[in-house]
Student: 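Sharing a structure, written as structure tokens. Questions coming.
Scope of the values below: all heavy atoms of this structure, side chains included, with no hydrogens, waters or symmetry mates.
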Amino acid sequence: MHSAPSQPLAQPRSLVVGHLLGAAVGYAVLALAHSSPWAAAVAGGVTLAATMVARTPHPAPRTPHSPAGATAVVAVLQTPAPGRFVPLLLGATVLLALTGFAASRVRRGTPRYPVYWW
């Protein structure tokens, strides 16, 4: 988001929905396969596919990594309580988007973020 603010992948929709999809996939895989490195790998892969289908891909700029996929991996390997983890995740992603919005308004010459909200 900070290094490519105008890219579709950095927009709030991809940020927030991508992470929520990652959490949903992570908890679904956890329920089906329990916590293991293999289940975490499946959750990460399924999250990548789900975000592509939902048109909310969320890769980190200039890397092949997926922060939303990492959210799924965390849900599988760390098994946080969904009632605490999901609201914190939602709040953190919204705060990140709002911080990007505010930062893009403070510095002159900085590209405006977001290009679109949804």
Side-chain angles (χ1 to χ4, degrees):
M1 177 174 89
H2 64 283
S3 60
S6 63
Q7 296 299 313
L9 305 174
Q11 301 312 306
R13 177 175 183 240
S14 288
L15 174 68
V16 175
V17 175
H19 278 291
L20 291 177
L21 276 172
V25 169
Y27 284 116
V29 170
L30 182 63
L32 295 172
H34 305 290
S35 181
S36 75
W38 285 106
V42 168
V46 171
T47 297
L48 287 174
T51 58
M52 296 300 277
V53 169
R55 296 181 336 133
T56 58
H58 181 60
R62 295 180 283 205
T63 67
H65 305 94
S66 168
T71 297
V73 169
V74 166
V76 172
L77 293 180
Q78 299 297 313
T79 65
R84 294 188 73 196
F85 182 70
V86 174
L88 286 171
L89 178 68
L90 177 62
T93 56
V94 169
L95 183 61
L96 183 61
L98 291 175
T99 301
F101 171 79
S104 75
R105 298 319 191 259
V106 171
R107 294 183 61 198
R108 286 192 179 142
T110 303
R112 293 291 188 189
Y113 177 82
V115 174
Y116 55 89
W117 285 95
W118 194 252

Student: Taking side chain to side chain contact (heavy atoms under 4.5 Å, CB included) as the criterion, tell me which of Leu90, Val74, Thr79 meets it with Phe85.
Tutor: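 Checked Leu90, Val74, Thr79 against Phe85; only one passes side chain to side chain contact (heavy atoms under 4.5 Å, CB included): Val74.
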
Student: Nearest heavy-atom pair of Gly18 and Ala68: which atoms, and what distance?
Tutor: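 Here Gly18 and Ala68 meet closest at O-CB, 3.2 Å.
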
Student: Determine yes or no for a side-chain-to-main-chain donor-acceptor pair under 3.5 angstrom, with Thr99 supplying the side chain and Leu95 the backbone.
Tutor: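 Judged by distance alone, yes, a pair lies under 3.5 Å.
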
Student: Do the non-hydrogen side-chain atoms of Ser104 and Pro111 ever get within less than 4.5 Å of each other?
Tutor: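 Contact flag for Ser104/Pro111 side chains = no.
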
Student: Counting heavy atoms not belonging to Trp38, are there more than 12 under 6.0 Å from its CH2?
Tutor: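 Check fails, neighbour count at 12 or below.
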
Student: Nearest 0.5 Å, please: how far is CZ in Arg13 from CH2 in Trp117?
Tutor: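 Answer rounded to 0.5 Å: 15.0 Å.
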
Student: Same cluster for Leu20 and Leu98 if Ile/Leu/Val/Met/Phe/Trp/Tyr side chains link at under 4.5 Å?
Tutor: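 Yes: a chain of side-chain contacts under 4.5 Å links Leu20 to Leu98.
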
Student: Please report the interatomic distance CD(Gln78) to OG(Ser35), rounded to the nearest 0.5 Å.
Tutor: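 Separation between the atoms: 8.0 Å.
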
Student: Indicate the atoms forming the closest heavy-atom contact of Leu77 with Ala40, along with that distance.
Tutor: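 What the structure gives for the nearest pair is CG-CB, 3.7 Å.
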
Student: Has the side chain of Gln11 got a donor or acceptor atom that lies under 3.5 Å from a matching backbone atom of Val115?
Tutor: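 It does hold such a pair.
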
Student: How long is the straight-line distance from CG of Leu21 back to OG1 of Thr56, given to the nearest 0.5 Å?
Tutor: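 That separation rounds to 5.0 Å.
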
Student: Determine the minimum heavy-atom distance between Leu89 and Ala23, stating which atoms define it.
Tutor: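 Result for this residue pair: CD2-CB, 3.8 Å.
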
Student: When rounded to the nearest 0.5 angstrom, what is the spacing between CZ in Phe101 and CG in Leu96?
Tutor: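 If I round to the nearest 0.5 Å, the distance is 14.0 Å.
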
Student: Can you check whether Tyr113's main-chain N or O pairs, donor with acceptor, with Arg105's side chain at less than 3.5 Å?
Tutor: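 Between the backbone of Tyr113 and the side chain of Arg105 there is a qualifying donor-acceptor contact (under 3.5 Å).
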
Student: How close do Leu30 and Ala75 get, counting heavy atoms only, and between which atoms?
Tutor: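 Looking at all heavy atoms of both residues, the closest pair is CD2-O, 3.6 Å.
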
Student: Testing the basics here: between Ala39 and Ala33, what is the closest heavy-atom pair and its distance to 0.1 Å?
Tutor: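 Shortest heavy-atom separation between Ala39 and Ala33 comes out as CB-CB, 4.0 Å.
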
Student: Which atom pair, heavy atoms only, marks the closest approach of Ala72 to Gly44?
Tutor: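 Taking Ala72 first and Gly44 second, the nearest heavy atoms are CB-N, 4.3 Å.
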
Student: Hey, what do you get for NE2 (His19) to OG1 (Thr51), rounding to the nearest 0.5 Å?
Tutor: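 Between atom NE2 of His19 and atom OG1 of Thr51 there are 10.5 Å.
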
